[in-house]
Q: 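Below: one structure in structure tokens.
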There are 2 protein chains.
Amino acid sequence: MRERVERVARSYGSVALLGAVGVPIGVAVGAVDAVFGRTLLAIGDLRATHPALIVCLPAAGALIAWAYLRLGKNTGRGMGLVFDVGHGHEDAIPLRLVPLIMGGTWLTHLCGGSAGREGVAVQIGATLSHWVGQHLPLKNPGNTFLVVGMAAGFAGLFGTPLAATLFALEVLVAGRLEYRALLPSLVAALAASTTSGALGLAKFEVALSAPLTLDAGTLACLLVLGVAFGVVGGGFAWLLGGAKRILGARLENPIVRIVSVGAAVAVCLLALGQGRYAGLGTNLIAASFAEEGSGVLAWDWLLKLALTIATLAAGFQGGEVTPLFAIGATLGATLARPLGMDAGLVAALGYAAVFGSATNTLLAPILIGGEVFGFAYLPAFFLVCSVAYLFNQDKSIYALQERMGSHVSVRK
Amino acid sequence: MRERVERVARSYGSVALLGAVGVPIGVAVGAVDAVFGRTLLAIGDLRATHPALIVCLPAAGALIAWAYLRLGKNTGRGMGLVFDVGHGHEDAIPLRLVPLIMGGTWLTHLCGGSAGREGVAVQIGATLSHWVGQHLPLKNPGNTFLVVGMAAGFAGLFGTPLAATLFALEVLVAGRLEYRALLPSLVAALAASTTSGALGLAKFEVALSAPLTLDAGTLACLLVLGVAFGVVGGGFAWLLGGAKRILGARLENPIVRIVSVGAAVAVCLLALGQGRYAGLGTNLIAASFAEEGSGVLAWDWLLKLALTIATLAAGFQGGEVTPLFAIGATLGATLARPLGMDAGLVAALGYAAVFGSATNTLLAPILIGGEVFGFAYLPAFFLVCSVAYLFNQDKSIYALQERMGSHVSVRK
């Protein structure tokens with residue numbers, strides 16, 4: 001009996017200890033996120049007022065590729081390296097990843113590359129947290145610290161701690177949740193989100209006002225939307241993987257690749273709407289939620305998709321998620337009219353569901369919907385994200401994501 | 001290319017087909033749920049007005065035990081059988097389970113046994129749906145139809161389709177989600193919930209009104225509540241398992257066991273509050289949400305816990321979930337005062353979190369919180385249910401639930 005009590009106390013003690021470790025990790029990662037994110041937004045504003053900076057994109061690319069070749073070790077693998085550590089195939093992430101990816105992403109955005117930021121924040125968080133875990137006297141429990149850092153990085157950047165926690169728990173292996181990391185991830189995500197908010201990184205939020213009753217007609221519309229968002233998100237992941245493979249094979253030298261593809265991207269960015277498709281795509285997101293989406297062009301989502309894939313396959317730095325938000329929101333705003341639905345609501349559903357289907361995650365996009373657009377709409381996000389998840393052909397922008405039983409092969 | 005398109009179309013086709021199969025299953029299960037649930041409520045009302053019926057509990061027990069011995073085959077294993085089929089260790093669930101468990105539960109409740117109903121609904125749904133899956137020309141994809149039936153059974157009884165879907169996906173193996181069954185489960189849950197609602201089985205809902213800001217003080221309170229609910233839920237599961245084991249060893253004859261323990265339970269039920277702790281516990285739930293919880297006694301949760309364990313370990317039929325809701329709600333209403341929090345809000349948190357920690361599920365209780373008490377409170381449910389999940393010592397009322405990496409043993 002006494003032994004049993006001691007065992008229980010020990011296990012509660014280690015849960016609590018691990019939870020407590022989440023606080024400093026979250027604060028540190030949130031602070032780095034704030035520096036990274038605020039600088040990135042300032043750079044984006046600078047470029048938006050000087051679109052001519054886009055002509056420097058090939059030169060910026062050359063600098064990025066050279067820096068990674070010269071100083072990068074294996075950190076150029078980015079999320080691939082994070083996933084390999086998560087699955088136990090690699091042991092360490094060099095700390096140099098942090099300055100390299102931050103600098104590379106700032107440079108990419110200064111010159112208008114169409115890329116995101118969350119991949120950067122997640123990698124920064126994972127690198128710092130995993131490093132902390134390796135240097136603590138605790139026996140490092142598998143990938144726990146890595147997962148905690150991913151949650152903190154995502155939460156600090158977007159101010160969405162619940163979505164960030166579930167994203168980190170579910171993204172490594174589709175169909176499995178890394179519950180061992182639940183408490184420290186949640187604590188770190190809350191701490192990171194609070195810290196970055198206190199340091200002035202504003203959370204993107206939209207208060208939807210459209211009423212929502214789930215009658216048969218609305219359910220049918222949500223089903224159609226789920227299929228569309230699933231196909232587009234899965235298509236994004238599939239095309240990105242294909243473009244990386246083909247460009248990597250045709251243009252083996254990374255400097256040649258980034259300069260030549262970067263030049264083509266720069267021409268397109270300037271020719272198509274004078275920088276409308278450059279950078280994160282927050283301009284497209286803002287347009288989707290303003291004035292019933294009337295500022296959105298029907299082809300916005302497609303051009304943003306194509307230029308983001310080209311930018312990332314060329315070798316520029318940044319993430320995929322904010323462009324995915326933009327693709328989903330503009331696609332949603334475009335689909336709202338023929339379906340006779342509120343443009344803001346459908347844009348919100350697309351914002352979440354395209355992100356989910358491209359990353360092959362289910363719970364994170366549902367919670368993104370709640371945390372960004374209000375929890376009252378959670379049932380609609382649940383339905384659309386579920387359908388989207390099932391219609392993405394099991395594709396993921398994370399090539400090394402593992403699967404526990406595919407959700408598309410329902411026949412034996 | 002053509003082959004690829006055909007493969008994609010085939011996979012989309014089978015996802016859609018499986019989704020469509022969810023509709024008739026959901027409607028059928030929802031209809032059975034409505035008959036079962038409405039009859040059960042009527043029986044509960046009858047007993048509440050005639051508490052003297054409780055003296056018949058031992059006799060009812062004898063009848064139930066005799067019926068299972070005589071006619072039950074292996075269906076007396078109840079949820080154990082469902083889990084064995086879910087894990088592929090058993091192949092079929094005899095259809096006779098449905099009338100036996102419905103009759104046994106009605107009889108248990110007529111005579112005031114402290115038991116639930118969801119285990120019954122889940123077993124009915126699983127039995128019917130798995131039977132359908134075995135008789136369709138489809139190759140039955142593993143445990144998909146079983147999971148679909150569990151979702152439909154839960155949703156039809158409680159009117160909470162989202163929580164029901166996640167419950168069915170996550171309960172078989174803690175840490176794994178059966179995503180293959182996501183779409184048909186969601187469709188079946190929506191269909192079952194709509195059907196049972198249309199047939200007059202009312203959904204239990206409470207509109208909370210307490211404001212909720214997650215400041216540091218509130219977060220600390222939620223942490224304390226999560227630990228308390230986790231310990232009580234895990235304790236319930238541990239004590240129930242122990243009581244079943246000990247009574248099974250001491251009183252090997254199931255008729256002797258149910259009659260003798262049933263007699264003791266009947267005496268306690270009559271002596272302690274004249275039936276206050278009999279049946280589902282909806283009276284305790286109602287008291288928790290009325291008049292700032294002033295009708296709740298500080299020991300309500302403990303007596304309900306003890307008498308439910310005794311009833312179920314004796315061999316009476318029914319589920320655990322509604323008593324768990326009652327235990328959590330009364331415990332919450334009791335803890336609200338010392339914490340200086342709103343009684344209704346804390347009762348709601350307990351309602352969800354004790355259910356989650358006793359069933360060792362995380363997502364289902366969070367969604368129960370949203371669907372029963374309003375999605376605006378989802379962040380609070382997320383935090384409390386997460387902590388509770390981590391403080392339940394990995395116990396579950398489902399003895400055959402499997403684990404993917406325990407969440408309590410954080411040290412290697």
Side-chain angles (χ1 to χ4, degrees), chain A residues 7-8 10-12 14-19 138-142 144 161-162 165-166 170 173-184 186 190 214 219 223 227 231 362-363 367 370-371 374-379 382-383 386-387 389-391 393-394 404-412, chain B residues 7-8 10-12 14-19 138-142 144 161-162 165-166 170 173-184 186 190 214 219 223 227 231 362-363 367 370-371 374-379 382-383 386-387 389-391 393-394 404-412:
Chain A
R7 205 171 58 229
V8 169
R10 214 163 42 234
S11 102
Y12 282 162
S14 50
V15 169
L17 180 66
L18 209 52
L138 283 172
K139 283 187 184 170
N140 187 356
T144 298
L162 307 187
T165 301
L166 289 178
E170 71 174 325
V173 183
R176 190 174 82 194
L177 289 167
E178 306 283 344
Y179 278 138
R180 230 171 19 172
L182 171 59
L183 187 65
L186 184 56
L190 287 166
L214 296 178
L219 282 177
L223 188 68
V227 173
V231 169
L362 172 67
L363 303 169
L367 271 288
E371 290 187 291
F375 281 100
Y377 295 89
L378 202 102
F382 192 113
L383 296 176
S386 295
V387 175
Y389 181 76
L390 293 165
F391 279 82
Q393 285 290 316
D394 221 358
M404 289 222 49
S406 158
H407 55 261
V408 294
S409 58
V410 292
R411 289 192 181 134
K412 262 184 222 163
Chain B
R7 205 171 59 229
V8 169
R10 213 163 40 234
S11 103
Y12 282 162
S14 51
V15 170
L17 180 66
L18 209 53
L138 283 172
K139 283 188 184 170
N140 188 357
T144 297
L162 306 187
T165 301
L166 289 178
E170 73 174 324
V173 183
R176 192 175 80 194
L177 289 168
E178 307 283 345
Y179 278 137
R180 230 173 16 172
L182 172 58
L183 187 65
L186 185 55
L190 288 167
L214 295 178
L219 282 177
L223 188 68
V227 173
V231 170
L362 171 67
L363 303 169
L367 271 287
E371 290 188 291
F375 281 100
Y377 295 88
L378 202 102
F382 192 113
L383 296 175
S386 295
V387 176
Y389 181 76
L390 293 166
F391 279 82
Q393 284 290 317
D394 221 358
M404 289 224 47
S406 158
H407 55 262
V408 295
S409 57
V410 292
R411 288 189 180 135
K412 264 182 218 160

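These values consider heavy atoms only, across backbone and side chains, with no hydrogens, waters or symmetry-generated copies. Each chain gets a letter, A, B and so on, in the order its sequence line appears, and its residues count up from 1.
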Q: In terms of heavy-atom pairs under 4.5 Å, which option from V387(B), L190(B), L362(B) contacts chain A the most?
A: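 Among V387(B), L190(B), L362(B), the one with the most close pairs to chain A is L362(B).
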Q: For E178(B), what residues pass the salt bridge (charged side-chain N to carboxylate O under 4.0 Å, His left out) criterion, not counting sequence neighbours?
A: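 Scan of E178(B) (salt bridge (charged side-chain N to carboxylate O under 4.0 Å, His left out), adjacent residues dropped) gives R176(B).
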Q: Using heavy-atom distances under 4.5 Å, tell me whether P161(B) contacts chain A through its side chain, its backbone, both, or neither.
A: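 Looking at P161(B), nothing touches chain A.
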Q: Locate the shortest heavy-atom distance separating L390(B) from Y179(A); write the atom from each residue and the value.
A: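 Closest approach of L390(B) to Y179(A): CD2-O, 4.1 Å.
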Q: I'd like to check the side-chain contact (heavy atoms from CB on, under 4.5 Å) partners of L378(A); sequence neighbours left out, ordered by chain and number.
A: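 side-chain contact (heavy atoms from CB on, under 4.5 Å) list for L378(A), sorted by chain: I366(A), F375(A), L367(B), F375(B), L378(B).
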Q: As an exercise: rank G370(B), S386(B), G175(B) by heavy-atom pairs under 4.5 Å with chain A and give me the winner.
A: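 Among the listed options, the one with the most contacts to chain A is G175(B).
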Q: Please report the interatomic distance CG(L223(B)) to CG(L183(A)), rounded to the nearest 0.5 Å.
A: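 Nearest 0.5 Å value for the CG-CG distance: 7.5 Å.
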Q: Given side chains that start at C-beta, do those of L177(A) and L363(B) come closer than 4.5 Å, heavy atoms only?
A: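 Answer yes - side chains close enough.
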Q: Is there side-chain contact between L186(A) and F382(B), with at least one heavy-atom pair below 4.5 Å?
A: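 SC-SC contact between L186(A) and F382(B) confirmed.
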Q: Let me know if L214(B) has heavy atoms under 4.5 Å from chain A in its side chain, its backbone, both or neither.
A: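 Neither; nothing under 4.5 Å.
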Q: Testing the basics here: between L162(B) and P379(A), what is the closest heavy-atom pair and its distance to 0.1 Å?
A: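 Looking at all heavy atoms of both residues, the shortest contact is CD1-CA, 3.7 Å.
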Q: For each of L182(B), L219(B), V227(B), tally heavy-atom pairs with chain A at distances under 4.5 Å, and name the one with the top tally.
A: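 Option with the greatest count: L182(B).
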